[in-house]
Amino acid sequence: MMPLADTLWIVDQAKLLGFDLCGVVRAEQFPELQRTPEWLERGYAGEMKYLADPRRSDLPSAMPGIRSVIVGLLNYNTAKPFSTSPALLMDDRRPSAWISRYAWGDDYHEVLRERLEALVESLRDRFSEPFESRAYVDTGPVQERVLANYAGLGWLGKNTLLLNQMLGSFFFLGAILTSLDLEPTLAANELPPPDLCGSCRRCLDACPTQAFVEPYVMDARKCISYLTIELRGAIPDELREPMGNHVFGCDICQDVCPWNRRAPIVSMPQFQPRVFPQSEENRANESFQLPEDSFFLPRLEWLLGLSESEFRRLFRGSPIKRTKWRGLLRNACIAAGNSGLRPGMAHQARIVAQLERLTESKDEILAESARWALSRIQ
């Protein structure tokens with residue numbers, strides 16, 4: 001095994017490359033990895049078949065010859081209100097949608113991959129002996145949060161996310177699998193960070209769709225993030241109203257978490273909300289001045305009016321492209337149905353017209369979602 005000084009150098013190098021935290025862990029069979037098959041047998045993965053990849057529970061099969069994993073953590077907590085902020089809940093000036101905070105800016109896969117690849121190059125400069133490495137950002141058969149836990153970066157919270165006492169949970173994780181025999185950041189007699197969730201149940205109780213079967217266990221089929229991103233079919237009827245105005249992802253279980261109250265703010269331009277100038281027509285229709293559209297609280301009217309070509313252009317290099325144009329409009333229809341609009345209210349007539357147009361779509365799921373929305377706001 002290499003000396004601890006090499007591990008400390010890797011941690012320092014990762015921070016120089018922009019990571020907020022970094023840790024190293026041995027490639028072992030951690031207990032959490034062995035619980036995956038039972039979770040899958042319960043059907044909690046829904047349509048996410050890739051989660052059944054057996055390599056996710058067995059690191060050596062993910063990369064033959066693996067000895068260590070380097071985990072990097074990058075904060076994305078921008079200076080914008082949480083989705084649960086009373087100020088947002090009271091703002092009924094226009095029907096708006098919620099896009100998860102992590103997706104406001106550039107695709108985090110690319111942002112982290114660039115840093116991970118730079119770290120790999122630094123490793124090759126430092127270590128002369130040949131070694132193998134693979135960098136993953138939600139793209140490989142690894143469970144980064146479990147590895148991060150045993151690398152000392154945080155504990156696994158009741159909402160199933162990694163939590164850090166200083167950084168909360170608004171961060172991305174990236175991993176480098178390597179054949180280098182590195183000293184772990186946690187000593188042999190040192191345990192991972194303790195679970196500081198205590199008796200708190202805020203994340204569990206706040207979930208609108210009751211996706212948490214029990215603390216630390218999620219039925220992804222009910223999670224708003226799954227419904228708006230991974231599910232390709234129709235949104236189940238009983239989950240439509242609880243979805244509220246979410247069109248891509250959900251932050252509620254993080255927004256109510258006490259550990260995120262003092263989470264540091266990041267100013268990285270890559271994670272700031274994208275903005276787009278409004279057309280002159282839209283400006284004329286607004287009852288108040290709003291010079292631009294944004295991925296932070298985007299107008300439902302704007303989303304419902306996007307063509308497929310506009311979607312491809314505006315969402316290029318964005319994680320939102322994963323849901324595809326059809327999925328985003330389906331979600332926007334559900335959000336419109338939950339908007340509380342009534343005849344005579346501002347915006348109602350224009351959104352009704354957009355939904356009526358979508359009811360004529362050749363895509364039956366999109367057309368049916370539009371009909372559902374119309375049934376609630378006309």
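Here CZ of R101 is found 8.0 Å from OG of S83. Values are rounded to the nearest 0.5 Å. In this structure, CG on L153 lies 12.5 Å from CG on L163, to the nearest 0.5 angstrom. To the nearest 0.5 angstrom, E144 atom CD is 13.5 Å from N149 atom CG. With rounding to the nearest 0.5 Å, the separation of CD1 in I229 from CE in M48 is 10.0 Å. Distance check: I334 CD1 to L300 CG gives 11.5 Å after rounding to the nearest 0.5 Å. Atom NE2 of H246 sits about 4.0 Å away from atom CD1 of I252, to the nearest 0.5 Å.
Within a 6.0 Å sphere centred on CD of Q378, heavy atoms belonging to other residues, nucleotides or ligands number more than 12. Enclosure of atom CD in E114 is not indicated, since only 12 or fewer non-hydrogen atoms of other residues, nucleotides or ligands lie within 6.0 angstrom. The local environment of CE in M166 is sparse, with at most 12 non-hydrogen atoms from other residues, nucleotides or ligands closer than 6.0 Å. Heavy-atom contacts from other residues, nucleotides or ligands closer than 6.0 Å to NZ of K321 number more than 12. Around CD of Q210, the count of heavy atoms belonging to other residues, nucleotides or ligands within 6.0 Å does not exceed 12. Heavy-atom contacts from other residues, nucleotides or ligands closer than 6.0 Å to NZ of K222 number 12 or fewer.
L16 and V111 sit in two unconnected hydrophobic clusters of ILVMFWY residues. Membership requires side-chain heavy atoms under 4.5 Å apart, directly or through other members. Under the 4.5 Å side-chain heavy-atom criterion for ILVMFWY residues, no single connected hydrophobic cluster contains both L355 and M243. Cluster annotation: V146 and Y44 are assigned to distinct hydrophobic clusters (Ile/Leu/Val/Met/Phe/Trp/Tyr, side-chain heavy-atom contacts under 4.5 Å, transitive). Grouping the Ile, Leu, Val, Met, Phe, Trp and Tyr side chains by contacts below 4.5 angstrom, directly or via other members, places L8 apart from I10. Follow the hydrophobic side-chain contacts under 4.5 Å out from L329 and you reach I99 in the same cluster.
Looking only at side-chain heavy atoms (C-beta outward), S57 and P37 come within less than 4.5 Å of each other. Here the side chains of P258 and C200 are in contact, with some heavy-atom distance below 4.5 Å. Between R145 and L161 there is no side-chain heavy-atom pair separated by less than 4.5 Å. Looking at C203 and C257, their side chains never come closer than 4.5 Å, going by heavy atoms from C-beta outward. A 4.5 Å side-chain heavy-atom check between R313 and F311 finds every atom pair outside the cut-off. Taking the side chain as every heavy atom from C-beta outward, V275 and D293 never approach each other to under 4.5 Å. Annotation: side chain of S369 is not in contact with side chain of I235 (no heavy-atom distance under 4.5 Å).
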Next on the checklist: I'd like to know whether W104 forms a ring-ring contact (aromatic ring centres under 6.0 Å, His included) with F296, so could you lay out the CA-CA distance, the side-chain angles of the two residues, the decisive distance to 0.1 Å, and finally the verdict.
Outcome noted: CA-CA 7 Å; W104 289 348; F296 172 70; 5.2 Å; yes

Item to check | From CA spacing to verdict: side-chain hydrogen bond (donor to acceptor under 3.5 Å, both in side chains), Q270, Y76 | outcome: CA-CA 9 Å; Q270 296 97 321; Y76 67 83; over 6 Å; no

Next on the checklist: salt bridge (Lys or Arg N to Asp or Glu O under 4.0 Å), that's the test. Do D106 and R274 meet it? Break it down for me.
Outcome noted: CA-CA 8 Å; D106 294 342; R274 290 187 179 186; 3.5 Å; yes

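Ion pairing between a basic and an acidic side chain is recognised when a charged N comes within 4.0 Å of a carboxylate O; K158 and D195 show no such pairing. Using a cutoff of 4.0 Å between basic side-chain nitrogens and carboxylate oxygens, R221 and E47 are not scored as salt-bridged. Under the 4.0 Å criterion applied to side-chain N and carboxylate O atoms, E368 and R371 are not assigned as salt-bridge partners. By the 4.0 Å N-to-carboxylate-O rule, D6 lies close enough to R126 to be salt-bridged with it. With salt bridges taken as basic N to acidic carboxylate O contacts below 4.0 Å, none links E301 and R94. Remark: R326 does not engage E364 in a salt bridge, criterion side-chain N to carboxylate O under 4.0 Å. A salt bridge between D58 and R55 is absent, with no side-chain N of the basic residue lying under 4.0 Å from a carboxylate O of the acidic one.
Each of N159, V217, D205 was scored for a side chain to side chain contact (heavy atoms under 4.5 Å, CB included) with F212, with one residue passing: N159. Residue L147 is tested with L59, I70, L162, L173 for a side chain to side chain contact (heavy atoms under 4.5 Å, CB included); the sole match is L59.
There is a side-chain donor-acceptor pair under 3.5 Å between Q34 and Q29. Neither side chain, N338 nor R240, offers a donor N or O lying under 3.5 Å from an acceptor on the other. No hydrogens or angles considered: nothing links the side chains of E183 and T7 as a donor-acceptor pair under 3.5 Å. Side-chain atoms of W98 and D251 form a donor-acceptor pair, as typed in the model, at a separation below 3.5 Å. Side-chain contact of N331 with T228: a donor-acceptor pair under 3.5 Å is absent, judged by distance alone.
Ring pair F127/W9 is perpendicular by interplanar angle, where above 60° counts as perpendicular and below 30° as parallel.
Put simply, the side chain of R56 never gets that close to the backbone of Y50: no donor and acceptor are under 3.5 Å apart. At distances below 3.5 Å, at least one donor-acceptor pair connects side-chain atoms of E190 with backbone N or O atoms of A187. In this structure, S225 contributes its side chain and C250 its backbone to a donor-acceptor pair below 3.5 Å. Side-chain atoms of E41 never come within 3.5 Å of backbone atoms of E38 as a donor-acceptor pair (strictly under, hydrogens ignored). Using modelled atom types, one side-chain atom of T185 and one backbone atom of A151 make a donor-acceptor pair closer than 3.5 Å. One N or O on the side chain of S122 and one on the backbone of A118 form a donor-acceptor pair closer than 3.5 Å. Under a 3.5 Å cut-off, the side chain of T78 and the backbone N or O of K80 do not form any donor-acceptor pair. Without hydrogens or angle criteria, W39 side chain to M218 main chain gives a donor-acceptor distance under 3.5 Å. No donor-acceptor pair closer than 3.5 Å links the side chain of D107 to the backbone N or O of G317.
Here the closest non-hydrogen pair linking A332 and L304 is CB-CD2, 3.7 Å. Nearest approach of Y150 to P31, heavy atoms of both residues: OH-CD, 3.5 Å. L116 approaches A175 most closely through the heavy-atom pair CD1-N, 3.9 Å. Contact detail for S68 and L182: the closest heavy-atom pair is OG-N, 3.0 Å. Here the closest non-hydrogen pair linking N260 and G168 is OD1-CA, 3.2 Å. Smallest separation of non-hydrogen atoms from P319 and G105: CD-O, 3.8 Å.
A centroid separation of 6.0 Å or more is found between the aromatic rings of F315 and W325. Ring-centre distance between F82 and F170: below the 6.0 Å cut-off. Here the two rings, on F271 and F172, have centers that are under 6.0 Å apart.
A cation-pi arrangement is present between R124 and F131 under the rule of less than 6.0 angstrom and at most 45 degrees off the ring axis.
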